[in-house]
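Some notes on the structure that comes next.
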Amino acid sequence: MTSTACFIIVSRNDIPIYEAEVGSAAKREDAAQLHQFVLHAALDIVQDLAWTTSAMFLKAIDRFNDLVVSVYVTASHTRFMLLHDSRNEDGIKSFFQEVHELYIKILLNPLYLPGSRITSSHFDTKVRALARKYL
């Protein structure tokens, strides 16, 4: 089964600090821009929902055609956003929780400046492995 998935981490200042196309579907030429547009359009919805609930996993908050936006908000209001076409809610939640653990390890690195882009190839490899495992 081919799946479309785009994962992005957005800092509390609405700056994307990590992006990855993690789906196995054939890539269209304009797919990356479309995915970014849909995810950034959902930021307003996330902003409203984040203050009305204490849950970290906000599930499916927006839809675009057959694509769904799922969001996980950390305690520091960093947003993990996933644009996907799967219906595996438990797998998505597990993916977010494990990526959150990886993100905490990045924050604990004294050489990482919080809010700056995550350029670690180790982090990227682990996120892609988790996407293959759960999505």
Side-chain angles (χ1 to χ4, degrees):
M1 177 181 155
T2 60
S3 66
T4 300
C6 178
F7 176 66
I8 187 170
I9 299 176
V10 181
S11 72
R12 67 181 310 146
N13 299 327
D14 295 335
I15 299 168
I17 58 175
Y18 176 78
E19 298 177 49
E21 292 283 335
V22 293
S24 59
K27 307 277 191 281
R28 287 186 10 221
E29 189 174 308
D30 62 343
Q33 289 84 10
L34 175 66
H35 294 165
Q36 287 178 358
F37 178 75
V38 171
L39 286 168
H40 284 90
L43 277 173
D44 291 333
I45 298 168
V46 174
Q47 186 71 21
D48 293 339
L49 286 176
W51 294 104
T52 60
T53 182
S54 61
M56 295 177 94
F57 180 50
L58 301 181
K59 301 184 183 178
I61 61 152
D62 197 10
R63 297 187 184 281
F64 177 77
N65 293 340
D66 62 337
L67 300 173
V68 180
V69 178
S70 295
V71 178
Y72 184 93
V73 181
T74 68
S76 64
H77 290 282
T78 299
R79 280 77 42 105
F80 298 169
M81 303 179 74
L82 181 69
L83 181 68
H84 59 92
D85 59 4
S86 69
R87 304 288 178 248
N88 182 7
E89 195 169 288
D90 290 334
I92 292 168
K93 184 176 182 178
S94 297
F95 171 75
F96 279 141
Q97 289 172 336
E98 292 207 26
V99 170
H100 189 196
E101 289 178 21
L102 288 173
Y103 179 67
I104 289 171
K105 289 178 184 176
I106 289 285
L107 289 176
L108 291 174
N109 181 348
L111 301 176
Y112 175 74
L113 179 65
S116 64
R117 288 198 65 82
I118 298 173
T119 57
S120 168
S121 60
H122 179 71
F123 181 83
D124 185 57
T125 303
K126 290 280 193 179
V127 168
R128 291 178 189 279
L130 289 171
R132 280 191 300 276
K133 180 178 178 182
Y134 290 113
L135 304 180

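Fair warning: this is a prediction, and the values are worked out from it, not measured in the lab.
With a 4.5 Å cut-off on side-chain heavy atoms, K105 and F123 do not count as touching. In this structure, K93 and M56 have side chains that are not in contact, with every pair of non-hydrogen atoms separated by 4.5 Å or more. Here the side chains of L130 and L102 are in contact, with some heavy-atom distance below 4.5 Å. Proximity of Y103 to I17: side-chain heavy atoms (C-beta onward) are separated by under 4.5 Å at one or more points. Under the 4.5 Å side-chain criterion, counting only non-hydrogen atoms from C-beta, D90 is in contact with N88. In this structure, F80 and T78 have side chains that are in contact, with non-hydrogen atoms separated by less than 4.5 Å. Residues Y112 and L107 form a side-chain contact, since some pair of their non-hydrogen atoms from C-beta on lies under 4.5 Å apart. Proximity of Y72 to Q97: side-chain heavy atoms (C-beta onward) are separated by under 4.5 Å at one or more points.
Rounding to the nearest 0.5 Å gives a distance of 8.5 Å between CG of D14 and CG of D44. Atoms CD and OG, from E89 and S70 in turn, are 7.0 Å apart once rounded to the nearest 0.5 Å.
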Requested in this report: For side chain to side chain contact (heavy atoms under 4.5 Å, CB included), just list the numbers for E19 and R117, CA-CA rounded to whole Å, side-chain angles, deciding distance to a tenth of an Å, and then say yes or no.
Outcome: CA-CA 9 Å; E19 298 177 49; R117 288 198 65 82; 4.0 Å; yes
Query raised in the report: Passes side chain to side chain contact (heavy atoms under 4.5 Å, CB included), L83 versus F64? Steps please.
Result: CA-CA 9 Å; L83 181 68; F64 177 77; 5.6 Å; no
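R79 contributes no side-chain N or O that, together with a main-chain N or O of I9, makes up a donor-acceptor pair within less than 3.5 Å. A donor-acceptor pair under 3.5 Å is formed between the side chain of N109 and the backbone N or O of L111.
Scored by the side chain to side chain donor-acceptor pair (under 3.5 Å) test, T74 finds S76 as partners (sequence neighbours excluded). By the ring-ring contact (aromatic ring centres under 6.0 Å, His included) test, F7 is found to be paired with F95, residues two or more places apart in sequence or in another chain being considered. For R128, the side chain to side chain donor-acceptor pair (under 3.5 Å) partners two or more places apart in sequence, or in a different chain, are D124.
The heavy-atom pair separating G115 from S11 by the smallest distance is CA-CB, 4.5 Å. Across V71 and V73, no two heavy atoms sit closer than the pair CG1-CG2, 3.9 Å. In terms of heavy atoms, S94 sits closest to Y134 at CB-CE2, 3.5 Å. For the residue pair I118 and Y18, the shortest heavy atom distance occurs at O-CD1, 4.0 Å. Between M81 and V46, the shortest heavy-atom contact is CE-CG2, 4.1 Å.
Connection of I15 to L39 is not established within any shared hydrophobic cluster, with ILVMFWY side chains joined at heavy-atom distances below 4.5 Å, either directly or through further cluster members. When hydrophobic clusters are built by joining Ile, Leu, Val, Met, Phe, Trp and Tyr residues whose side-chain heavy atoms come closer than 4.5 Å, directly or via intermediates, V69 is grouped together with I8. No path of Ile, Leu, Val, Met, Phe, Trp and Tyr side chains, each step under 4.5 Å between heavy atoms, connects V68 with F96, placing them in separate hydrophobic clusters.
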